[in-house]
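These numbers come from the heavy atoms of this one structure, side chains and all, not from hydrogens, waters or symmetry mates.
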Amino acid sequence: MSLQQKYPKEIKQILSKYPPEYKRSAVMPLLHLVQKDEGFVSKESMQEIAGLLGITETEVGSVVGFYTLYQEKKAGKYRMQICTDLPCALRGADEFFNQVCEHLNVKDGETTQDGLVTVEHVMCLAACDRAPMFQEQGPDGIKYHEYMTIDRVNEWLQSLKQVETGEKR
Amino acid sequence: MSHILLRHREIPDLHKFNVYKKNGGFSAFKKAVTKMSPSQVTDEVKNSGLRGRGGAGFPTGLKWSFIDKNIWPHYVVANADESEPGTFKDRELMEMNPFQFLEGLAIASYAVGANVAYVYLRGEFWQIAEAMDKQIAEMEEAGILGDKLFGTDYSLRIYTHVGAGAYICGEETALLESLEGKRGQPRNRPPFPAVAGLFGKPTVINNVETFANVPMILANGADWYKSIGTPDAAGVKIYSLSGRVRKPGNYELPFGSTFRQLIYEHGGGVQDSRPVKAIMPAGASSSLIVANDKVLDTPIDYAAVRTMGADLGSASVIVLDDTVDLKWVISKTLKFFKHESCGKCTPCREGTFWMNNISKRMQNGNGVKNEDVDLLLNVAKQIQGKCLCALGEFSTMAVVTGIERFPEEFNRA
Amino acid sequence: MTTKQVNVTINGKTVSVPAGITVVEAAKMTGVDIPVFCHHPKLEPVGMCRMCLVEIGAPMVDPKTKEVVMENGAPKIAMRPKLETACTNRVFEGMVVQTQTEKATAGQKSTVEFLLTSHPLDCPVCDKGGECPLQNLTMAHGPGKSRFIYDEKQNLDKQVPLGELIYLDRERCIQCARCVRFQEDIASEPVLGFDERGRKMQIVSLSEPGFDSIFSGNTTDICPVGALTTADFRFGARPWELSAESSICTQCPVGCNTTLNTRREAKAGGEIVVKRVMPRQNEEVNEIWLCDKGRFAYHYAESKARLTKPMMKKDGKLARASWDATTKFAAQKFLKNKKDFVVLASGRLSNEDLFNLKSLADTVGGKAILYSDMGGGDVTKLVGVGAGTNISKMGAGDAIVVVASDLYEEAPIWWLRVKQAAQRGATLIVANARETKLDKFAKHTIRYTHGNEVKTIHDLGKKNKIGDELAKAKNAIIFYGSDGLGVNGTSALASACGSLLKETGHVGRANNGLIGVWQRANDQGAFEMGFEPVADLEKALKGKAVYIAGADPVGDDPNLAKALKGAKFVAVQDLLETATTEIADAVFPAQAFTEREGTLTSGERRVQRFYAAVPAKGDSKPDFAITSMIAKQMGVILEGSSVRVVFDLLSNSVDAFADLNYDKLAETKEQFPIVGRSDMYYGGTTYENTKGLGVQLLPMAQVGGTVRIPKVRKEAALHPKEKEVLAVPVNKLYDYGITVSSAELLEQRIGETKIAMNSSTAKKLGVEVNNLAKISFDGVSGEAIVSIDDSVSAGVVLVPRSMGIAIREPIAAKVK
Ligand SMILES: Cc1cc2nc3c(=O)[nH]c(=O)nc-3n(C[C@H](O)[C@H](O)[C@H](O)COP(=O)(O)O)c2cc1C
Ligand code: SF4
Ligand code: FES
């Protein structure tokens, strides 16, 4: 189904933010819509957005390529993006990252066997005082998880699994 | 002293429209629109001595007065990109006291004659943006935003725009590019945004914290605000304190407070009671200040920090104690800047890549080679003064000051 | 236009330069080369590569008195603390620039060193080796030895096809964005972009087909390293092995100035061949650009189907014969059928060829017909654009009208320059029965129904918003073409345009007048020599003794084939074997334009010289020489050996050419920006023009003669019957024309034959979109894919010319 069929209201609302002659501005919010919907940005969606905004696919693609929150490849349903930047690292983020990897049996950038979670490094997320922390990027958008321990990661994983099996909504 | 910006710490639920309103909210905006001319508002802010909180500390009222009045429409953009490692003050403001920020943004828009304002939030602030959309809707419903406000001819709309993970979009011209739906790469200046900004039109860009000050200035007057702080820097500043302290977090202090007050009185002192070795007052872009008693006890404002060989920037204070290896610190900052370099200009794009390689080599356990330290320092200096925007320069600060001020950590003492 | 001058001091020398130019340009004008990578004189400055770092100072001003502070009788100079980019700083009075100080040189050196940390050191195998700015600048400014550890270099893909025409070597790219900016700012086809960021940043094209732009080749010229190369030339030769000869593109009436790079080649049996076509600067014609058709479609001259020997019909079969015998044979036949002697020639020939052909026809009392579907050359002779016309000088206050022409397909460089004029503020009015790619840039688009072209132009002459804007414009040019029209329609349109321009006072001056968007490069020249097209060509050929030059009517149109089969005698001179040579009684091998010299007249009536770059194939001769041989056998003396002499004779007898001479056409003058020369980096690898900028003919309106615009009777409108549609011809850039289809590279871009109609027409006809349909009219029938274009009026079907369905003018047709 095309974006326009799926999200007519959202698209209209997004376009209303910008002067009609500068509708190209809507490219980022539209890409967020796709990223959230698909878990990445497919070529078809780029094509559709290009058509919607009257720009070329290359122009859309080069925006996708520039920003780290748009992914060009499918990965786990949830991306667990752990901040290991300087302030977090001063508060144990690197150790936390390693623990998580060990716990989930993955390496940086890899996805768990069940396809649920991909673990990634990210740069500072403005949560330096609440390290260790990670950001969840997935079908619900982006959420912060702060003051993390392995136990709390487990709780989070459990709740994800419950959502998957339909026990929780 | 009660807070001026972090008022939610005294007033519970200040993020709720009614609570904010009950506590005097929006009266400053109403006063501005109904009782003051735009230039009076600008003058008031000018007289208050408010300086931009986004990093450069440029006088805010003066910036507003630069806007080109021969070209219309005008735009105001709030810089809510907050991506400097160690900075998390705008986030707290927007989460806990959003209306004060939005009211400041509205006042600024009135002052420069803008009918549309954008809040550019970093992509990771997705949830904040969702909440803010609702807050904006509430303001519209209450007639604080929209057409013909308070029975005047003035109309204003505020829109959020969400970035997608790029530190460089905090740089104001890169932010504008991003807001126009392009890659966030800085523009050449001149022309400055006050002449050709968003959509090529005159634009004022300020930091979230800068805007949050404005309603209080209008409500209490420029003189009141000027009476707080130092002659160099009026008012209060939110310090994002992080690193090896017991109680990291945001602390709102008047300018003229000391690092000792910040770290020990508010931050609860250093973890494990170790001594402070170095202070990075402006996040990862910061020079490393050698922490000694004199530094710890100097009342801080923009000028004072400059005497310490650093810039206050957005006051994201990262505390490094004596257990921290500065080579490791540098490897972290370089990894960050290599990752965030937009790639537009050669020295930053290639220089951060090269410096990162050298620093990785220094980290890999084979010991630190003198040639590598020389080369690193030399490459950093080769970048300095040659980049298109400040990011390239930022990437060299910790490197150069680390090697020069802490030679023993690089086997050069 | 006088520009303000300012005084700047560059490396101690004070010079006066135009205000507002960049420091790089000012330095260049005074003979100082400041190294650059991202800067290109045709692109907006971006200051991103940081190669051009210099020291800049300004006279100190006392903040109190606002007066310049003096020191030892000269203004005291405050040097700026940081190095500045010379490409983004513009000159001002009193500016001081230092490009060679220790500080400046260190800055430049460091940029080269930084770039080399990622650049492969593969100069010996790189296509750009020898004309590479990075290579040159490394020699001049680079470090001797690398401090960078080679193992840490980033490895990236090499030989990435961006499309079938252009290849990218990701490792060689230095991220200067010249190519991206060219596509965005100049071509307005932003199909190149950067992916990723920082050191990972790399060029990509996501369009389909890849790098979908008809201007793509230009990016390889302006790429300052060997990152972008053409599929045609890559690994083809090293720049220093190449010779260069000046030429003119023969693909369309723009007349782009080119340079043919040639080399002796083992593959070609040791012969000298053309290796690539490069732009040659002519700021008034093509600046420094070429379209891809002009750049890549030159291969037809190398075709295996080239004719090499004369042939004549013996016992019903063509057989090789001597020049003498064949010319005699043709001459006898022509003499015998004097009354019925017809010359049919195309605008692929040079002025000299056409002059001889016309002279022959005149002397014998025959007819000279231009092989074209477009008339109006008599009008452009009267009110064509004035001498000194330069579209790139047009902008705010000026107006350009484009009517019945799809400039993008018909004359790409005009499209580009007209579009840029509109972007500079010129009022662009696009009038067409359907949407074209120019509409996007137009201030006004006028959509008429077919048959209303003339009326549309008449209406522009009346009092209305658009008409007033046109009347008030400082300068105005009208481009008219054959989109949807045949000979009669275009002739009528030309007259209407001519009258409108005359009435509004837009004739007889530079940047004013009428331009025909002809179907071939030298159609205007043919008109100048006295050729005219005819509407009913079939009738004009039937039963005649026809002398055909540079045309293939038999291959193009079954009706013409029939007519020629019924001709008394057919002689053909051409480059290649064609359907027409097959049925001819005598065939003469002609030389390609790469093999000989001559002159062409562009649509702007600029007469330009081209030169011989490679030896002639076989026994071929230039067209004018062949004509002279035949003429001689007929007792008519025409010059047959020297182009120069033919040109002299021509200028003596054709009034418009009276002031010209062959040498004058080869004159050049200083052009800005300065390209080529010794440095090679400044404007890319474009060639400096050393062999002539050409001369524009004065239209009658500029000479001061009487301008009487011919009245053309309006044809009765065509009314297709029930179940019929109106088929109208449109022009395509890449078609099956022999000059395009011989270039393998362009084959994919030609695509299938498609006819276009709006959705309701398709529905009514019951044809399926993207499927084959059968179209037939007046003895012609063919198959084509149905495509939808909702800007086309109901009941109309667009049929591309030269795509296998012979259509010369609007005609009622059946589509199933
Ligand atoms: C690389 C770079 C990153 C920046 N990031 C931010 C940021 O995240 N937030 C911000 O307010 N200003 C940031 N700035 C500063 C802005 O360019 C600009 O000066 C500021 O938004 C102006 O607001 P102010 O006058 O209120 O300080 C950054 C500057 C640079 C060079
Ligand atoms: S300094 Fe870095 S971030 Fe700034 S323009 Fe140059 S490459 Fe981009
Ligand atoms: S920065 Fe001046 S030429 Fe690239």
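- Pairing each heavy atom of C/R147 with each of B/N378, the nearest pair is NH1-OD1, 2.9 Å.
- A distance of 7.0 Å separates CG in B/N188 from SG in C/C87, rounded to the nearest 0.5 Å.
- Taken from CD in B/Q382 to CZ in C/F114, the straight-line distance is 4.5 Å, to the nearest 0.5 Å.
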Run the side-chain contact (heavy atoms from CB on, under 4.5 Å) test on C/L83 and B/K386 for me, step by step, so that the C-alpha distance in whole Å, both residues' side-chain angles and the decisive distance to 0.1 Å come before the verdict. CA-CA 7 Å; C/L83 289 173; B/K386 300 189 189 68; 4.3 Å; yes

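- The side-chain hydrogen bond (donor to acceptor under 3.5 Å, both in side chains) search around C/Q98 returns none, not counting sequence neighbours.
- Only the backbone of C/D195 comes within contact range of chain B, with at least one heavy atom under 4.5 Å from a heavy atom of that chain.
- Taking both residues in full, the closest heavy atoms of B/R349 and C/L115 are given as NH2-CD2, 3.7 Å, listed atom of the first, atom of the second, then distance.
- Chain B forms the most heavy-atom pairs under 4.5 Å with one residue out of C/E84, C/K200, C/K82, C/K109, and that residue is C/K82.
- The distance from atom CD of B/Q384 to atom OG of C/S110, rounded to the nearest 0.5 Å, is 11.5 Å.
- Once rounded to the nearest 0.5 Å, the distance linking CE of C/M48 with SG of B/C342 reads 8.0 Å.
- For a residue to count as touching a neighbouring chain, one of its non-hydrogen atoms must lie under 4.5 Å from one of that chain's; by this rule B/R361 touches chain C with the side chain only.
- To the nearest 0.5 Å, atoms CZ (C/R50) and CG (B/L388) are separated by 5.0 Å.
- Not one N or O on the side chain of C/R199 forms a donor-acceptor pair closer than 3.5 Å with the backbone of B/G343.
- The residues B/E340 and C/R197 are annotated as salt-bridged, a charged nitrogen and a carboxylate oxygen being separated by less than 4.0 angstrom.
- Distance check: B/D372 CG to C/I149 CD1 gives 6.5 Å after rounding to the nearest 0.5 Å.
- Using a 4.5 Å cut-off between heavy atoms, C/Q154 contacts chain B through both its backbone and its side chain.
- Within residues 350-359 of chain B, the residues having any heavy atom closer than 4.5 Å to a heavy atom of chain C are B/E350, B/G351, B/F353, B/W354, B/N357, listed by residue number.
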Evaluate C/M201 against B/Q185 for side-chain contact (heavy atoms from CB on, under 4.5 Å), listing each step before the verdict. CA-CA 12 Å; C/M201 201 161 87; B/Q185 293 187 321; 3.6 Å; yes

